[in-house]
Amino acid sequence: MEQLRQIAEIYGTPVLVMDLNVIKQNYMNLVNNIRNCKVYYAVKANSHVEIVKLLRDLGSHFDVASRGEIEKLLSLGVEPYRMSFGNTIKKLEDIKFAYDHGIRMFAVDSEMELEKIAMVAPGSDIYVRISTNGMEDDADWPLTRKFGTSVSHAIELVKYAKTLGLNPIGLSFHVGSQNYNPENWRTAIREASVVFEEAKEFGINLSMINTGGGMPVKYVRDIPTVKQIAKVINEAVEEYLGDNITVIVEPGRSMVGNAGIMITKVILRSKKGEENWLYLDAGVFHGLTETIQNIRYRITVDGKEDEELDTFVLAGPTCDSVDVMYYDAQLPKSTTLGDIVYFHTAGAYTTEYGTNFNGIDSPKIVFVNGILSDEEYEVKIPEIVEVESENSED
Ligand SMILES: *Cc1c(COP(=O)(O)O)cnc(C)c1O
């Protein structure tokens, strides 16, 4: 932890330390384990230019959701054929912008979205997002209600796409982010196969399955490995869809989550009745947003790793009562002013959510190479490759 402590001292807190080496390992791990696999990194998880550049150079593709993300990638030299416009809720102007810049791959889950694409992106490839039932409980961050549609509706959309002059290429799904159960991927691929078969009867040959994101990272609960999930995907594709199928994966959390550690500091400790309150210099509005749903970070306090624990209310620094991360955090008893608090596995969906609420800066990002290891945050020789706070630049 010495290097992390040094980074906190030099750059101030809050700061997110990201290890590019871990991201590279995560990328290779997917490519090496899933057959016929194309990785489309879900840019929203962490869109920092250093991460985009690394994945660009590794040959990754990208799942983008808006004109802003597309512009950023284009400016970094990512070719349009490496992008999929995977948001099912796109502004008409953004679809046109994407098409005019060469993007030809779009996700849909409704008639109107198909009509919008046919209008301003004629002839494009489309894929239909299905939502599959019974998976909500296995994911810490479910996505099935807002997104996707039923299998029977998906069949209608595939046919409708054809009549609009679009080119339906496949289906997508998302089992929910931070999903703990590999069998959910099998179920979804089996359900998708119904659409593949029906489409064939109408002379439409689908050849792509987009398995979305959802692969978990290790916060507190045990997780299945990428190898285990890949095995299920490989088996299910072979059993239900056959050989000549392109398998797209869209990792967000699992690409960058374990590559980051958030360093924060205690700025106040107080007692309210029986409750011990600890306030940090980052909270719900400054990168630790996912604490308000089901994400439980592993949290440690520098130098107090062996101390007995107590229950704390853990809150952020802003003047908003929503800015409370956990009402039942277990932290070392003596944690107090000035202590450094680490949020482990915090590389995904943290800085992206950071606001400037109350005039308080969101965490800076410091990139290192080889400080953090995949499993444990063992400290090796640090090499700081870049320091940048995108927020203050933009
Ligand atoms: C957010 C998102 C992902 C990434 O999901 P993770 O669970 O973070 O891996 C993938 N695909 C789409 C369409 C998304 O919106």
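Counting convention: from 1, in listed order, for ligands and their atoms alike. All values below come from the heavy atoms of this structure, side chains included, with hydrogens, waters and symmetry mates left out. Sequential numbering from 1 along the given sequence is applied to the chain's residues.
- In terms of polar-atom proximity, defined here as any N/O pair under 3.5 Å, Pro251 makes no such contact with ligand 1.
- Residue contacts with ligand 1, taken as heavy atom pairs separated by less than 4.0 Å, do not involve Asn87 at all.
- Atoms of ligand 1 lying under 4.0 Å from at least one heavy atom of Ala42, given by number and element, are 3 (C), 4 (C), 10 (C).
- Linking ILVMFWY residues whenever their side-chain heavy atoms come closer than 4.5 Å, directly or via other members, leaves Val232 and Ile223 in distinct clusters.
- Under the 6.0 Å cut-off for aromatic ring centres, Tyr219 and Tyr297 qualify, their centroids lying closer than that.
- Polar contact check, Tyr349 against ligand 1: a nitrogen or oxygen pair lies under 3.5 Å apart.
- The shortest N or O to N or O distance between His174 and ligand 1 is below 3.5 Å.
- Looking only at side-chain heavy atoms (C-beta outward), Lys304 and Asp339 come within less than 4.5 Å of each other.
- Geometrically, Arg296 engages Tyr326 in a cation-pi contact, judged by NZ or CZ lying under 6.0 Å from the ring centre and within 45° of the ring axis.
- In this structure, Lys44 fails the cation-pi test against Tyr349, since its NZ or CZ atom is not both closer than 6.0 Å to the six-membered ring centre and inside 45 degrees of the ring normal.
- Contacts between Met255 and ligand 1, counted as non-hydrogen atom pairs separated by less than 4.0 Å, are absent for every part of the residue.
- Counting heavy atoms under 4.0 Å from ligand 1, residue Phe147 does not touch it at all.
- The shell of residues lying under 4.0 angstrom from ligand 1, judged by heavy atoms, excludes Ala45.
- The distance criterion of under 3.5 Å between nitrogen or oxygen atoms is met by Arg253 with respect to ligand 1.
- Here's the thing with Gly252: one of its N/O atoms is less than 3.5 angstrom from an N/O atom of ligand 1.
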